[in-house]
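What follows is one structure encoded as structure tokens, with my remarks underneath.
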Amino acid sequence: MGLCALLLCAPAAGAYAVEPGWAVAVVDQGSRRVLVLQSAEELMAYRGPDRLPVVWSWSADLAPDLADLGPATTWTAPDEAKSRIRGGRRFLLVTASGGLAAVVDTTTGATRWATDAGAAANPHSIELLPDGNVAVAASEGGWVRVYTASQGPRATAHAEYPLPGAHGVQWDRRTGLLWALGDDELTALRVGGTPAAPALTAVRAVPLPGRGGHDLAPVLAAPGRFWVSTLTALWQYDTAAGRFTPVRLADRAAERDLKSVGDEPGTGRLLTVAPEHTAPCDWCTSVLTFHRPGGTRVLRGTHLYKARWWGGGW
């Protein structure tokens with residue numbers, strides 16, 4: 001049975017769902033886990049160093065159905081975690097620098113699709129497409145691929161588009177395009193062909209206003225816009241106007257080198273993660289930073305790489 005049947009795939013208009021009462025999911029390279037934490041309000045009340053406020057977690061190390069892909073190495077340095085809803089079920093989308101990319105049913109813990117893209121490629125982001133296929137961006141590989149995940153749980157056939165420094169990938173239901181962020185440009189890709197034989201064609205390539213594109217995420221309060229982080233600044237990109245607008249935070253230093261950024265539906269509160277540039281993980285942090293209203297929370301003992309808003313219902 002293909003992944004599309006397993007996920008009860010929705011039409012393009014249902015590319016992802018927004019739910020009330022959003023929690024926070026973090027990628028912790030220290031414990032090699034994705035941790036779903038309590039809501040922002042509960043996190044703001046958390047003072048530590050008592051037990052972390054974890055309500056659900058997942059690790060490839062503990063997934064027996066991934067043993068064939070060697071998670072001891074392929075799950076090294078997990079670097080992405082996203083929530084997507086299909087047919088009333090929630091799925092976790094993950095990548096790791098070690099090469100693993102996977103789609104996991106959060107109810108059963110079963111892996112619906114996974115592949116080893118190779119550590120040399122350094123997979124950095126992932127997206128679930130309306131037809132059940134899966135897009136992966138790899139920074140060192142310099143590519144965006146659409147894998148034929150709809151055809152089976154270990155399908156490896158794919159279409160590929162070259163994009164130097166590919167770090168982010170997002171499906172946009174409004175434009176029906178797959179958007180990908182590289183070192184120097186934001187590219188819109190049309191996914192053509194068939195689910196069994198996809199094809200990728202660039203329809204727009206926009207130079208970034210600064211070097212080092214890293215995170216790409218939808219602005220949930222303003223559909224049709226994306227958050228875009230670069231080495232030195234934070235931006236919003238309006239897909240209709242084709243324009244970048246700088247985003248100013250209360251602390252200008254907090255706009256630099258963001259590994260992830262996103263807004264909470266309803267409140268508009270921003271959540272960002274930026275590295276502390278200290279040993280033993282130069283690219284990680286133990287700090288979650290909130291903006292509008294602001295505040296920070298230290299999750300002691302963690303090596304966080306990204307944090308995402310996660311739908312409610314826990």
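These values consider heavy atoms only, across backbone and side chains, with no hydrogens, waters or symmetry-generated copies. Computed from a prediction, not measured in an experiment: that's the story for all the values here.
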Fill in: Side-chain H-bond candidate by donor/acceptor type, Asp131 with Ser150, under 3.5 Å
no

Item to complete: Would you please indicate yes or no on a ring centroid separation below 6.0 angstrom for Trp143 and Tyr161?
Response: no

Fill in: Residues Arg89, Asp105: salt bridge by 4.0 Å N-O rule
yes

Item to complete: Look at the rings of His167 and His214 and say which category their plane angle falls in: under 30° parallel, 30 to 60° tilted, over 60° perpendicular.
Response: tilted

Discussion item. If only side-chain N and O atoms count, and only distance matters, is there a donor-acceptor pair under 3.5 Å linking Thr245 with Gln236?
Written reply: no

Discussion item. With a 4.5 Å cut-off on side-chain heavy-atom distances among I, L, V, M, F, W and Y, is there a chain of contacts connecting Val261 to Leu249?
Written reply: yes

Worksheet entry | Trp310 ring center near Trp58 ring center (under 6.0 Å) | no

Worksheet item: So, Asp116 versus Thr74: side-chain donor-acceptor pair below 3.5 Å or not?
Response: no

Worksheet item: Do NZ/NE/NH1/NH2 and the carboxylate oxygens of Asp61 and Arg33 come within less than 4.0 Å?
Response: no

Worksheet, complete the sentence: Interatomic distance, CD@Gln151 vs OG1@Thr194, rounded to 0.5 Å, equals 7.5 Å

Worksheet item: Have Thr187 and Glu185 got a donor and an acceptor in their side chains that come within less than 3.5 Å?
Response: yes

Worksheet item: Looking at OG1 of Thr111 and CG of Asp65, how far apart are the two atoms once the value is rounded to the nearest 0.5 Å?
Response: 3.5 Å

Worksheet item: What residues, two or more places apart in sequence or in another chain, satisfy side-chain contact (heavy atoms from CB on, under 4.5 Å) together with Pro275?
Response: Asp257, Lys259, His277

Worksheet item: What side-chain hydrogen bond (donor to acceptor under 3.5 Å, both in side chains) pairs are there with at least one residue in residues 287-296, not counting sequence neighbours?
Response: Thr272-His291

Worksheet item: Does a side chain donor of either Asp79 or Ser97 reach within less than 3.5 Å of an acceptor in the other side chain?
Response: yes

Practice prompt. Begin with the C-alpha distance, continue with both residues' side-chain angles, and end with the deciding distance and a verdict on side chain to side chain contact (heavy atoms under 4.5 Å, CB included) for Trp283 and Gln29.
Written response: CA-CA 10 Å; Trp283 52 86; Gln29 295 190 355; 2.8 Å; yes

Item to complete: Decide yes or no on side-chain hydrogen bond (donor to acceptor under 3.5 Å, both in side chains) for Asp215 and Ser260, but give the supporting numbers first.
Response: CA-CA 5 Å; Asp215 198 34; Ser260 65; 5.0 Å; no

Discussion item. Ring-plane angle category for Tyr147 and Trp113, please: parallel below 30°, perpendicular beyond 60°, tilted otherwise.
Written reply: tilted

Worksheet item: Within a radius of less than 6.0 Å around CZ of Arg243, do more than 12 heavy atoms belonging to other residues, nucleotides or ligands occur?
Response: no

Discussion item. Hydrophobic cluster membership, with links at side-chain heavy-atom distances under 4.5 Å among I/L/V/M/F/W/Y: are Leu35 and Trp309 in one?
Written reply: yes

Worksheet item: Looking at Leu200, Thr201, Leu177, which hits side chain to side chain contact (heavy atoms under 4.5 Å, CB included) with Val191?
Response: Leu200

Worksheet item: Do Leu186 and Val144 belong to the same hydrophobic cluster, where Ile, Leu, Val, Met, Phe, Trp and Tyr are linked whenever their side-chain heavy atoms lie under 4.5 Å apart, directly or via other members?
Response: no

Worksheet item: Under 30°, 30 to 60°, or over 60°: which ring-plane class applies to Phe244 and Trp235, parallel, tilted or perpendicular?
Response: perpendicular

